[in-house]
Amino acid sequence: MAASGASANDALTAAIDAFTAAGIETPRLDAEVLLAEIAGVDRADLIADRGLTLEPSAARAFSEAVRRRLRREPVAYILGSKGFRQIELAVDRRVLIPRPETEMLVELALEVRPRSALEVGTGSGAIALALADELPRCRVTATDVSDGAIEAAVSNATRLGLSGRVEFLLGSLPEGPEDFDLVLANLPYVPDSDGLPPEVGQWEPEGALFGGPDGTEVIAAVLKAMNENGIGAPTIGLEIGQGQGERVSVLLREAGWPETEVRLDLAGIDRVVVGRRPRPDMIEE
Ligand code: GLN
């Protein structure tokens, strides 16, 4: 037998120790996810197979990944991808990393079953592409003011074989007037003064995070622009942050969605506000 490579278990233990010392929140999980991906094995096998050895190239790649993680670069940027619903998105510093709680907006779409949907501020394309993937009859339009984000989203669409299904537009909104069955948006909503973990604050795009002094400035501006441009929808779903449910509900009611509902995420935090307006043809005489 050829000389055996480095022990995967030793590399893992060293990485976990270094991550712990650096104050990283989930040291074991991060080390295992990085090593499993780099070694091309399942996380379960990595843990079960104590005798696993690493090829020199894998050992080098893992050291490099550990070095990046110690600078607090998020795991998703190091690996270059992140799962969302049933799809895998390529992600880099041009775009926010899709969060599990954002899947709540896709769940709303599955309830509404729209024939047309607009996503404002698509970033990596996560929401729009998940809609295209899960609602094959829905015509999806997605916008972003960042050209880097639109490039990233378009290339995700191509890679996922969904490019014919979503129209991506650079800018904040389609020109209008245009009616959609559903509008979804995960706009920047972090209050400017909020401290963020280094993974977020030092690595993710500022323009996708901060929403003015109380975090609701971009949301308010988009609702206003929708009305000015004649972009309408009977149902709208907005992602929000802690404590913003009431304020954003008021913004929605003022912008013409009289019925509002705040949904909490698994941590019990205000996460989505849904606004509904009766369709003109459904108003009873
Ligand atoms: N959920 C993100 C965070 O906590 C914020 C995303 C956003 O502003 N849309 O960092």
Side-chain angles (χ1 to χ4, degrees), residues 23-26 29-30 69 72-78 82-85 89 91-109 117-131 142-146 148-150 152-153 156 172-173 182-223 225-226 236-249 251-252 262-275:
I24 288 168
E25 236 173 77
T26 50
L29 176 69
D30 292 5
R69 187 70 190 93
R72 306 306 288 260
E73 183 169 353
V75 171
Y77 287 157
I78 298 172
K82 178 76 180 177
F84 181 80
R85 300 284 303 179
L89 284 311
V91 291
D92 58 42
R93 293 191 71 182
R94 294 174 297 178
V95 296
L96 193 79
I97 298 164
R99 311 286 204 263
E101 56 271 26
T102 302
E103 297 191 0
M104 290 174 69
L105 290 179
V106 180
E107 286 158 14
L108 172 64
L118 168 67
E119 192 210 349
V120 184
T122 193
S124 65
I127 296 170
L129 293 167
L131 295 186
T143 70
D144 206 291
V145 293
S146 149
I150 289 292
N156 271 318
S172 89
L173 290 172
L182 176 67
V183 171
L184 297 175
N186 173 19
L187 295 165
Y189 56 70
V190 178
D192 287 347
S193 59
D194 267 22
L196 293 170
E199 283 79 1
V200 182
Q202 291 171 20
W203 290 91
E204 298 198 79
E206 228 172 86
L209 290 167
F210 293 104
D214 74 359
T216 59
E217 216 161 75
V218 179
I219 290 174
V222 166
L223 294 177
M226 280 179 66
I236 181 167
L238 301 175
E239 183 170 323
I240 55 165
Q242 188 141 31
Q244 294 177 342
E246 190 45 44
R247 216 172 320 131
V248 175
S249 296
L251 288 175
L252 277 176
V262 177
R263 297 185 176 185
L264 308 182
D265 66 16
L266 293 174
I269 293 170
D270 293 358
R271 190 55 68 190
V272 166
V273 188
V274 185

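We number each residue from 1, following the sequence as shown. Start at 1 and go down the list; that is how both ligands and their atoms are numbered.
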Decide yes or no for Leu238 and Leu251: does some side-chain heavy atom of the first lie under 4.5 Å from some side-chain heavy atom of the second?
no
Not counting sequence neighbours, which residues clear side-chain contact (heavy atoms from CB on, under 4.5 Å) with Ser172? List them please.
Val145
Locate the shortest heavy-atom distance separating Val91 from Ala76; write the atom from each residue and the value.
CG2-O, 3.5 Å
So what's ligand 1 close to, N/O to N/O, under 3.5 Å?
from, atom 1, to, atom 2, distance (Å)
ligand 1, 1 (N), Tyr189, OH, 3.0
ligand 1, 8 (O), Tyr189, N, 3.1
ligand 1, 8 (O), Leu209, O, 3.3
ligand 1, 9 (N), Asn186, OD1, 2.7
ligand 1, 9 (N), Leu187, O, 2.9
ligand 1, 10 (O), Arg99, NH2, 3.2

Sequence neighbours left out, what passes side-chain contact (heavy atoms from CB on, under 4.5 Å) with Arg72? Give chain and number order.
Ile24, Arg69, Pro198, Glu199, Trp203
CG (Asp144) and CD (Glu119) are apart, to the nearest 0.5 Å, by 8.5 Å
Can you list the residues that meet the salt bridge (charged side-chain N to carboxylate O under 4.0 Å, His left out) rule with Asp192, with sequence neighbours excluded?
none
